[in-house]
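These figures come from a predicted structure and were not determined experimentally. All ligand and atom numbering here is 1-based and tracks the order in the structure.
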Amino acid sequence: MDLKINGQVYSSQAEASDMLLWVIRDELGLTGTKFGCGAGICGACTIHVDGVAMRSCVTPTVAAEGKEIKTVEGLAGFENDAEVLHPIQEAFIEAQVPQCAWCMNGQMMTAAAFLAQNPKPSEAEIIQAMGQNYCRCGCYARIKVAVSRAAELMEQG
Ligand code: FES
Ligand code: FES
């Protein structure tokens, strides 16, 4: 089946029931999407399907057929042929959020989808939105700061 990922169409040999995580990583080589629990719990594998944050380890490939898939590799944009980081990427760098970084791409994908829906979140809303993305290094305080900062950066345009 054809899968549209980060604006590019990929021809995949996947079965309809294969989980997207493994198709994206192993077949198509987009390894920015990480494997954590494999059970839809930790959020390390988060991608966007039509703008909605989804856990690719428990999402059958057929569920994304004909839809716009975005992985962390597609989070940044381009302006005049130069890569422009997404505000959430800028903010995570500015706040020096990662420790081991394994969870971080999923954190940023969750945050980007959240901020697209709620560009001026309260602290409580950030905590709630990010609360189901686990970080074994315990970077939660810096994640909260960075999501809040990304909202500011987005407002400044
Ligand atoms: S690897 Fe998908 S939720 Fe943990
Ligand atoms: S930075 Fe290590 S798991 Fe989050």
Subject >> Minimal non-hydrogen separation, Ser12 against Ala14, with atom names >> reply: OG-N, 2.9 Å
Original post:
Which ligand 1 atoms, with their elements, are less than 4.0 angstrom from a heavy-atom of Gly40?
Top reply: 3 (S)
**OP:** Run through the protein N/O/S atoms less than 2.8 Å from atom 4 (Fe) of ligand 2 and write them out by chain and number.
**Re:** Cys103 SG, Cys135 SG
Subject >> atom 4 (Fe) of ligand 1 to nearest N/O/S of Cys57 less than 2.8 Å >> reply: no
Original post:
Just wondering, are more than 12 heavy atoms of other shown residues or ligands nearer than 6.0 Å to CD in Gln156?
Top reply: yes
**OP:** For Cys45, counting its heavy atoms only, list the atoms of ligand 1 lying under 4.0 Å from any of them.
**Re:** 1 (S), 2 (Fe), 3 (S)
Original post:
Do you know which of Ile143, Asn105, Val145, Leu85 makes side-chain contact (heavy atoms from CB on, under 4.5 Å) with Phe92?
Top reply: Ile143
**OP:** Could you tell me whether the side chains of Glu73 and Thr71 share a donor-acceptor contact shorter than 3.5 Å?
**Re:** yes
**OP:** State whether the side chain of Glu27 and the backbone N or O of Ile24 hold a donor-acceptor pair below 3.5 Å, judged by distance alone.
**Re:** no
**OP:** Count the heavy atoms belonging to other residues, nucleotides or ligands that lie under 6.0 Å from CD of Glu94, then report whether that count exceeds 12.
**Re:** yes
**OP:** Treating Ile, Leu, Val, Met, Phe, Trp and Tyr as nodes and any side-chain heavy-atom pair under 4.5 angstrom as an edge, say whether Val97 and Phe114 lie in one connected cluster.
**Re:** yes
Subject >> Location of contacts on Leu21 toward ligand 1, heavy atoms closer than 4.0 Å >> reply: neither
Original post:
Does Thr61 use its side chain to pair, donor to acceptor, with the backbone of Asp18 at less than 3.5 Å?
Top reply: yes
